[in-house]
Amino acid sequence: MTDKPLVTRGFRGRLRDTDPARLPPGQYVTSDFPVLSAGPTPTSPLARWDFSVYDDDTLLTRWTWAEFLTLPAEDVTTDIHCVTHWSKYDTRWRGVRLDTLFDLAGRRAPFVLATCDGGYTTNLTLEDVLGAKAWVVYQYDGHPIEPEHGGPARLLVPHLYFWKSAKWVRALKLIQQDHPGFWEQRGYHNHADPWKEERYWED
Ligand SMILES: Nc1nc2c(c(=O)[nH]1)N[C@H]1C(S)=C(S)[C@@H](COP(=O)(O)O)O[C@H]1N2
Ligand SMILES: [Mo]
């Protein structure tokens, strides 16, 4: 094995990392991609994976993996911000806008609850997920998303703290009344805007 040149990545990274305008308060920039999961990584064979949109408990639409891949998708390059203070710049994803999913489902409601393999949930307002602000993504950096990072598919809501970007997402539930999700029930902020440091419920 040959030694890798140590200088290249750190040098390039550091130049980018000094841009303070894109770093929310209380955050630092990392080039790592930490894994933060509240439980074990669930495994969902693609043959049995599907994605659903519900109006409350009523199923509106459901796509198999193959069907989901035919939906209009786009590439997204974005910074992400974790409540544990790390931010990562220029992450590259590919997936389907929630605008598109709700158009196809033919419904809207003021609130959305994302539900996942493994039982994790997170809540969002419709306003926070429409207007090209949220995606169900299935590629990271040009490859299928690693299981630890939420593969086969995860939510990407980069303008909010990253706990809102639910990994292993399987369904979006349109609801009339807000329903706090996993971390939101455990003291994390209901809204989670990193620019306002909405970390915990008392913030
Ligand atoms: N299903 C599920 N999604 C989740 C989590 C989780 O524990 N389970 N952790 C959240 C938190 S707190 C963060 S910071 C990000 C971490 O994503 P990563 O592991 O890809 O960095 O996923 C979020 N989505
Ligand atoms: Mo997090």
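Start at 1 and go down the list; that is how both ligands and their atoms are numbered. Heavy atoms only: backbone and side chains are in, while hydrogens, waters and symmetry mates are out.
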*Asks:* Does the Lys NZ or Arg CZ of R170 fall within the cation-pi geometry relative to F51 - under 6.0 Å from the ring centre and within 45° of the axis?
*Replies:* no

*Asks:* Side-chain contact, heavy-atom cut-off 4.5 Å: F68 with W49?
*Replies:* yes

*Asks:* Could you tell me whether E74 and R94 have a side-chain N and a carboxylate O separated by less than 4.0 Å?
*Replies:* no

*Asks:* Listed by chain and number, what are the ring-ring contact (aromatic ring centres under 6.0 Å, His included) partners of F162, not counting sequence neighbours?
*Replies:* none

*Asks:* Give the protein residues with at least one non-hydrogen atom closer than 4.0 Å to an atom of ligand 1, ordered by chain and number.
*Replies:* F33, P34, V35, L36, S37, A38, C82, W86, C116, Y120, E148, H149, R154, F162, W163, S165, A166, K167, W168, W183

*Asks:* Indicate yes or no: at least one non-hydrogen side-chain atom of Q185 is less than 4.5 angstrom from one of H179.
*Replies:* yes

*Asks:* For F182, does the six-membered ring have the charged nitrogen or CZ of R186 within the cation-pi criterion, i.e. under 6.0 angstrom from the centroid and within 45° of the normal?
*Replies:* yes

